[in-house]
Amino acid sequence: QVQLVESGGGLVQAGGSLRLSCAASGRTFSSYYMGWFRQAPGKEREFVARITWSDGSTYYKNSVKGRFTISRDNAKNTMYLQMNSLKPEDTAVYYCAADRDGIPGGSWDYWGQGTQVTVSS
């Protein structure tokens with residue numbers, strides 16, 4: 001049974017930092033893309049960043065480039081999202097996901113339960 005479990009969310013002031021973690025279990029993800037998505041109140045879920053599990057290549061939503069960094073630790077089967085210079089508009093529930101195709105706007109295979117990130121102004 002595949003499980004993706006996020007942690008690390010919380011309340012932070014604008015300009016602050018948070019690191020989200022996503023612990024993956026239940027299968028081998030070496031041929032998968034892993035990604036972070038977010039959903040703000042009243043808005044649709046949107047793609048944030050993606051990493052290729054095998055070689056670590058990354059891809060970001062334009063608005064987070066230079067502020068967010070996605071990474072993974074193969075030994076721990078864990079993915080991270082380091083978020084710096086946070087803005088109130090980054091407030092959302094953040095989800096990790098896994099998929100063989102990794103298309104940002106596509107339908108991803110596996111999802112975590114989400115973790116709340118709130119940025120106060």
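Note that this is a predicted model, so its numbers are computed, not measured. For the single chain, residues carry numbers from 1 onward in sequence order.
Other residues, nucleotides and ligands place no more than 12 heavy atoms under 6.0 Å from the OH atom of Tyr59.
In plain terms, the two heavy atoms of Arg72 and Ser54 that are nearest each other are NH2-O, 3.4 Å. Nearest heavy atom pair, residue Ser17 against residue Ser85, reads OG-N, 4.4 Å. When all heavy atoms are compared, the tightest approach of Trp53 to Asn77 is CZ2-OD1, 3.5 Å. Across all their heavy atoms, Leu4 and Gln113 have their closest contact at O-OE1, 3.6 Å.
Side chain of Asp99 to backbone of Asp109: a donor-acceptor contact under 3.5 angstrom is found. Judged by distance alone, with hydrogens and angles left aside, the side-chain atoms of Tyr60 form a donor-acceptor pair with the main-chain N or O of Ile70 at under 3.5 Å. Not one N or O on the side chain of Asp101 forms a donor-acceptor pair closer than 3.5 Å with the backbone of Ile103. When atom types are taken as modelled, the side chain of Arg27 and the backbone of Val2 share no donor-acceptor pair closer than 3.5 angstrom.
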Quick one: do Val64 and Phe47 satisfy side chain to side chain contact (heavy atoms under 4.5 Å, CB included)? Show the steps, please.
CA-CA 11 Å; Val64 307; Phe47 168 83; over 6 Å; no
Go through it in stages, so that I can follow the logic: the residues are Arg100 and Ser31, the test is side chain to side chain contact (heavy atoms under 4.5 Å, CB included), and I'd like the CA-CA distance, side-chain angles, deciding distance and then a yes or no.
CA-CA 7 Å; Arg100 286 190 178 274; Ser31 61; 3.3 Å; yes
Test log, rule side chain to side chain donor-acceptor pair (under 3.5 Å), inputs Ser21 and Thr78:
CA-CA 7 Å; Ser21 299; Thr78 300; over 6 Å; no
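Under the 30°/60° scheme for interplanar angles, the aromatic rings of Tyr110 and Tyr32 are found to be tilted. Between Trp111 and Tyr95, the ring-plane angle classifies as perpendicular under the 30° and 60° cut-offs.
Hydrophobic clustering (ILVMFWY, side-chain heavy atoms < 4.5 Å, transitive): Tyr33 and Val48 are in distinct clusters.
Of the residues Arg38, Gln39, Glu6, Gln116, the one that meets the side-chain hydrogen bond (donor to acceptor under 3.5 Å, both in side chains) test with Tyr94 is Arg38.
Within the cation-pi definition used here (under 6.0 Å to the ring centroid, within 45° of the axis), Arg50 does not qualify as a partner of Trp108.
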